[in-house]
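Scope of the values below: all heavy atoms of this structure, side chains included, with no hydrogens, waters or symmetry mates.
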Amino acid sequence: MTENTTSLWDTLRDDNREKAIYRQAAAYAQQYMDDVDHRPVYPTDDALAGLARFDEPLPDGPHDAQDIIRLLHEAGSPATVAQGGGRYFGFVNGGIIPAALAARWLADAWDQNGALHVMSPVAAKLEQLCEQWLVDLFGLPEGTAAGFVNGTSTATMCGLLAGRNELLRRAGWDVAEQGLFGAPPLRVVMSEQSHGSVRKGLAIIGMGRAQIESVPMDDQGRLRLDALPPLDDRTLIVLQAANVNSGAFEAFTEVCKRAQQAGAWVHVDGAFGLWAAASKQTRHLTAGMELADSWSVDAHKTLNAPYDCGVVLCRDRQTLVNALQASGSYLQFSEERDSMLYTLDMSRRARGIELWALLKNMGRSGVDALIVRLCDNAKLFETELKAHGFEIPNEVVFNQVMVKCETPELTQRTLQYIQQGGECWCGGSKWFGEPVIRISVCSWVTTTEDVRRSVAAFVDAREKAWDEVGA
């Protein structure tokens with residue numbers, strides 16, 4: 001062992017023993033949280049230029065840990081998007097509940113592998129409780145299984161994978177034994193405006209565009225029942241809770257009953273909208289979705305958990321296990337929860353720990369209140385923007401608001417000025433071929449004052465755009 005190598009291990013032991021680097025990171029994190037709501041929502045040009053401080057070849061040798069953390073804070077913090085503040089409304093990105101963030105910090109120090117009970121009994125216990133609590137909150141059938149994955153894209157793929165394999169099993173085909181080549185053909189029925197992650201997941205599990213039957217949607221983005229094709233026992237159906245632009249929810253009861261009669265499999269893509277089932281005020285929007293076979297949802301959206309917290313839920317536990325289980329002589333399964341049975345990955349971060357902390361911290365009434373808060377702020381956006389002459393083309397039933405100006409050109413230019421201004425940040429989308437500004441109210445931090453400040457930013461941006469393109 002060389003002298004330099006010996007010095008490296010001594011330095012790492014000193015860093016771990018003295019804890020100065022951890023205190024430094026905690027101080028920077030607390031400073032960031034104090035400042036985040038008082039800075040531009042999107043990084044300034046100077047902040048983006050400051051990222052050049054990271055440009056360098058891979059260092060030849062070790063570098064001081066405290067210098068690294070200092071660089072991250074000085075050059076990295078200003079170049080972040082202020083999603084933790086109250087005026088970020090882009091991409092259905094939620095805020096973060098303090099108890100969940102604190103639990104994540106502790107869990108990161110634990111550094112547990114959440115694959116097997118024997119690897120982390122505490123992770124297995126808390127994910128078991130999360131499963132029970134989520135099934136209860138969503139009103140799903142008793143015994144529904146939950147797998148904790150990185151996000152809804154993966155959760156959706158797991159649900160579709162379980163459905164594909166089960167439909168083929170019923171047709172006498174064992175995918176695990178026989179593979180997919182020569183398997184009986186399946187079809188997918190879903191809205192023409194289903195989320196891109198659904199199509200991506202289908203492609204990954206071997207179901208291409210030629211197998212997809214897109215159903216027209218109504219003026220709110222719901223799958224049209226009168227256009228739903230006949231279903232059969234070779235059909236995967238994907239429903240939305242809720243439409244990513246309008247926030248509209250499908251007619252779950254009718255579609256699920258038709259599916260059950262035909263022997264089809266129903267998956268509900270509920271990335272942010274499945275949480276409507278957890279509030280008395282919005283529960284009617286998800287009526288009948290419990291009749292589906294699988295569901296996918298993000299806790300890091302509406303629930304405001306930290307990122308990397310998606311969930312796949314499946315009515316039949318063994319079907320999910322059959323689709324995802326890995327084997328190996330070295331694996332030590334138990335009679336307790338072995339979470340890798342319900343996910344694609346084996347080694348993984350024990351992401352259920354902060355979800356458990358959040359659910360325990362908020363409780364049933366707290367989750368309900370959070371959802372109501374988001375919906376109330378979305379309705380306030382609708383009321384205030386309409387009062388200023390903006391058009392709202394969707395019925396605001398959950399947390400999504402679409403906004404249009406007098407012309408498509410004015411809408412696009414207004415959005416550009418909003419994004420450049422730094423007072424708030426929204427994304428854009430297309431609705432029946434025309435551009436819209438898309439507001440996603442997802443953070444517990446957002447107040448009525450944040451909404452009114454953001455509306456004022458809309459008005460100011462439209463005035464600037466008007467000077468350029470007119471109406």
Quiz item: Yes or no on side chain to side chain contact (heavy atoms under 4.5 Å, CB included) for L344 and V149, after CA distance, side-chain angles and deciding distance?
Solution: CA-CA 8 Å; L344 286 171; V149 298; over 6 Å; no
Self-check item: Residues E74 and R53 bridged, charged N to O under 4.0 Å
Solution: yes
Quiz prompt | N243 (side chain) donor-acceptor with S246 (main chain) under 3.5 angstrom | solution = yes
Quiz prompt | Test side chain to side chain donor-acceptor pair (under 3.5 Å) applied to S339 and E127, step by step | solution = CA-CA 8 Å; S339 292; E127 290 192 357; 2.7 Å; yes
Quiz item: Just checking, is any N or O donor in the side chain of D345 or T343 under 3.5 Å from an acceptor N or O on the other one?
Solution: yes
Exercise. Name all residues meeting the side-chain contact (heavy atoms from CB on, under 4.5 Å) criterion together with I69; count only those two or more places apart in sequence or in a different chain, and write none if there are none.
Key: I21, Q24, A25, Y28, L72
Quiz item: Any salt bridge between R17 and D14, counting N to O under 4.0 Å?
Solution: yes
Exercise. Could you tell me whether a side-chain N or O of N399 sits under 3.5 Å from a main-chain N or O of C375, the two making a donor and an acceptor?
Key: no
Quiz item: Would Y342 and R337 count as having a side-chain donor-acceptor pair, cut-off 3.5 Å?
Solution: no
Quiz item: Between the main-chain N or O of W110 and the side-chain N or O of Q112, is there a donor-acceptor pair closer than 3.5 Å?
Solution: yes
Quiz item: Taking side chain as C-beta onward, heavy atoms only, is M340 less than 4.5 Å from L331?
Solution: yes
Practice problem: Apply side chain to side chain donor-acceptor pair (under 3.5 Å) to the pair Q400 and S440, showing each step before the final yes or no. | Solution: CA-CA 5 Å; Q400 298 295 105; S440 299; 3.0 Å; yes
Exercise. Check whether any side-chain heavy atom of I205 sits under 4.5 Å from a side-chain heavy atom of M157, and report yes or no.
Key: yes
Quiz item: Would L236 and H267 satisfy side chain to side chain contact (heavy atoms under 4.5 Å, CB included), going step by step from the backbone distance to the final call?
Solution: CA-CA 7 Å; L236 266 172; H267 178 81; 5.6 Å; no
Quiz prompt | Working for salt bridge (charged side-chain N to carboxylate O under 4.0 Å, His left out), residues D67 and R70 | solution = CA-CA 5 Å; D67 285 346; R70 186 177 301 110; 2.7 Å; yes
Self-check item: Close side-chain approach of E434 and Q412, heavy atoms under 4.5 Å
Solution: no
Quiz item: Taking atom CD of E406 and atom OG1 of T411, what is their separation to the nearest 0.5 Å?
Solution: 8.0 Å
Quiz item: Any side-chain heavy-atom pair from K404 and I437 closer than 4.5 angstrom?
Solution: no
Self-check item: Lys NZ or Arg CZ of R462 over F458 ring: under 6.0 Å, within 45°
Solution: no
Quiz item: For L12, does its backbone N or O pair with a side-chain atom of N16 as donor and acceptor, under 3.5 Å?
Solution: no
Quiz item: Considering only heavy atoms from C-beta outward, does the side chain of W425 approach that of V81 to under 4.5 Å?
Solution: no
Quiz item: Do R39 and T80 meet the criterion of a side-chain donor-acceptor pair at a distance under 3.5 Å?
Solution: yes
Practice problem: Answer yes or no: does atom CD of Q420 have more than 12 heavy-atom neighbours from other residues, nucleotides or ligands under 6.0 Å? | Solution: yes
Exercise. For E409 and R413, run salt bridge (charged side-chain N to carboxylate O under 4.0 Å, His left out): C-alpha distance rounded to whole Å, both residues' side-chain angles, the deciding distance at 0.1 Å, then the answer.
Key: CA-CA 6 Å; E409 293 77 15; R413 196 68 184 115; over 6 Å; no
Quiz item: Just by distance, do the side chain of N304 and the backbone of K301 share a donor-acceptor pair under 3.5 Å?
Solution: yes
Exercise. Report yes or no: does T282 contribute a side-chain atom to a donor-acceptor pair with the main-chain N or O of A276 at less than 3.5 Å?
Key: yes
Quiz item: Considering only heavy atoms from C-beta outward, does the side chain of I353 approach that of R104 to under 4.5 Å?
Solution: no
Quiz item: Quick one: which of V297, T144, T286 gives a side chain to side chain contact (heavy atoms under 4.5 Å, CB included) with F138?
Solution: V297
Quiz prompt | Closest non-hydrogen atom pair between V41 and C424, with its separation | solution = CG2-CA, 3.8 Å
Quiz item: With ring centroids as reference points, do F398 and W275 lie under 6.0 angstrom apart?
Solution: no
Quiz item: Salt bridge check: are E468 and K464 linked by an N-O gap of less than 4.0 Å?
Solution: no
Exercise. For residues A461 and Y417, report the shortest heavy-atom separation together with the two atoms involved.
Key: CB-CB, 3.6 Å
Quiz item: Are the side chain of Q211 and the backbone of G208 linked by a donor-acceptor contact shorter than 3.5 Å?
Solution: yes
Self-check item: E192 side chain to S214 side chain, donor-acceptor N/O pair below 3.5 angstrom
Solution: no
Self-check item: Check: W105 ring centre within less than 6.0 Å of Y22 ring centre
Solution: no
Quiz item: Can the positive tip of R222 be found less than 6.0 Å from the middle of the six-membered ring of F249, inside 45° of the ring normal?
Solution: no
Quiz item: Is the shortest heavy-atom distance from the side chain of C130 to the side chain of F148 under 4.5 Å?
Solution: yes
Self-check item: R87 and E449 ion-paired at < 4.0 Å
Solution: no
Quiz prompt | Distance, nearest 0.5 Å, that separates OG of S194 from CG of L202 | solution = 9.0 Å
Quiz item: Is it true that the side chains of D450 and T447 contain a donor and an acceptor less than 3.5 Å apart?
Solution: yes
Quiz item: Out of curiosity, Q281 CD to D376 CG, how far, rounded to the nearest 0.5 Å?
Solution: 5.5 Å
Practice problem: Indicate whether any N or O donor in one side chain lies under 3.5 Å from an N or O acceptor in the other, for Q83 and Y307. | Solution: yes
Quiz item: Roughly how far apart are N113 CG and R348 CZ, rounded to 0.5 Å?
Solution: 8.0 Å
Exercise. Could you please spell out the steps behind the side chain to side chain contact (heavy atoms under 4.5 Å, CB included) verdict for L380 and R452?
Key: CA-CA 8 Å; L380 181 60; R452 293 193 168 103; 3.9 Å; yes
Quiz item: Does any N or O in the side chain of T302 come within less than 3.5 Å of the main-chain N or O of F272, such that one atom is a donor and the other an acceptor?
Solution: yes
Practice problem: Run the numbers on N394 and Q220 for side chain to side chain donor-acceptor pair (under 3.5 Å), then give the verdict. | Solution: CA-CA 6 Å; N394 66 309; Q220 292 301 309; 5.3 Å; no
Quiz item: Within a strict 4.5 Å, meaning less than it, do heavy atoms of the M33 and L101 side chains meet?
Solution: yes
Quiz item: Are T446 and N377 close enough, and set up right, to give a side chain to side chain donor-acceptor pair (under 3.5 Å), and what steps lead you there?
Solution: CA-CA 8 Å; T446 300; N377 280 330; 5.4 Å; no
Quiz item: What distance separates D298 CG from T152 OG1, expressed to the nearest 0.5 Å?
Solution: 3.0 Å
Self-check item: Donor-acceptor contact present, side-chain R438 to main-chain G427, <3.5 Å
Solution: no
Exercise. Kindly compute the distance separating CE (M362) from CG (L303), expressed to the nearest 0.5 Å.
Key: 7.0 Å
Practice problem: With sequence neighbours excluded, tell me which residues meet ring-ring contact (aromatic ring centres under 6.0 Å, His included) with F381. | Solution: F89
Self-check item: Test item: W444 side-chain N/O and I96 main-chain N/O as donor-acceptor pair under 3.5 Å
Solution: yes
Exercise. Starting from the C-alpha separation in whole Å, work towards a yes-or-no answer on salt bridge (charged side-chain N to carboxylate O under 4.0 Å, His left out) for D111 and R349.
Key: CA-CA 7 Å; D111 193 28; R349 194 178 66 79; over 6 Å; no
